[in-house]
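Take a look at the structure below.
All chains are named by letter (A, B, ...) in the order of the sequence lines, taking the proteins before the strands, and each is independently numbered beginning at 1.
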Amino acid sequence: RKEVEQDPGPFNVPEGATVAFNCTYSNSASQSFFWYRQDCRKEPKLLMSVYSSGNEDGRFTAQLNRASQYISLLIRDSKLSDSATYLCVVSGGSYIPTFGRGTSLIVHP
Amino acid sequence: GAVVSQHPSRVICKSGTSVKIECRSLDFQATTMFWYRQFPKQSLMLMATSNEGSKATYEQGVEKDKFLINHASLTLSTLTVTSAHPEDSSFYICSATLSRGATYEQYFGPGTRLTVT
């Protein structure tokens, strides 16, 4: 089983739609969780950290479920500019990050 | 804050030559930096962990004599691809670790696209 797993997609949604991604992790000792966004041929950029209590930043909501070992990212009112690959990142006490393969999102008019 | 630069952004070199890539954290100190490579439509692959003042830790399958890493200061790590071959052509990305209390955030450089002819 891979350490961090994501559905690669692509998720193809119309503008204005709500879309959710899940990411599962295998190491129960993981401590830090993040969502990154990567545009084609560019470096990943931190979208948001994921806290135990869940957190929201505008149209983006991230949640952590430690019992089931997954994190989620919800995007509301999708924009064309949200089209990208979303990477789930998990790290444990050694803080070496482990990346998921990414979920591709395509928002169309 | 939390800006990481990488230089060069793009390099084309001939087979057999060596290429040095620099990764700098511009507004914070990073005791740990990571080097990745990414092939088209594939995920980031961790190559090595670079710790300031000590030897880098390489992932399995990554040749330490081919990918030389030096982390001479808290803001600079370098990756040298020695005797490059066409199969080394890839997108190389570094990240620097920023500690925020109990969590460690990764900030990425813009990447270096290496083409070996």
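- For chain A, the option among B:P40, B:G109, B:G111 with the highest count of heavy-atom pairs below 4.5 Å is B:G109.
- When heavy atoms are compared at a cutoff of 4.5 Å, B:Q6 does not approach chain A at all.
- With a 4.5 Å cut-off on non-hydrogen atoms, B:F108 touches chain A through its backbone and its side chain both.
- Top candidate by heavy-atom pairs under 4.5 Å with chain A, chosen from B:P110, B:S99, B:S43, B:S95, is B:P110.
- The backbone N or O of B:S73 sits less than 3.5 Å from a side-chain atom of B:H71, completing a donor-acceptor pair.
- Looking at B:S50, its side chain never comes within 3.5 Å of a backbone N or O of B:M33 through a donor-acceptor pair.
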Evaluation steps, ring pair (Phe, Tyr, Trp, His ring centres under 6.0 Å), between B:Y58 and B:F67: CA-CA 9 Å; B:Y58 291 81; B:F67 299 99; 8.1 Å; no
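- When heavy atoms are compared at a cutoff of 4.5 Å, A:Y36 approaches chain B solely by way of its side chain, counted from C-beta outward.
- B:V81 and B:W35 end up in the same hydrophobic cluster when Ile, Leu, Val, Met, Phe, Trp and Tyr side chains are linked at under 4.5 Å.
- Interface check for chain B: of the options A:P44, A:S49, A:G102, the most heavy-atom pairs under 4.5 Å are formed by A:P44.
- Between the side chains of B:Q106 and B:T97, at least one donor N or O sits under 3.5 Å from an acceptor N or O.
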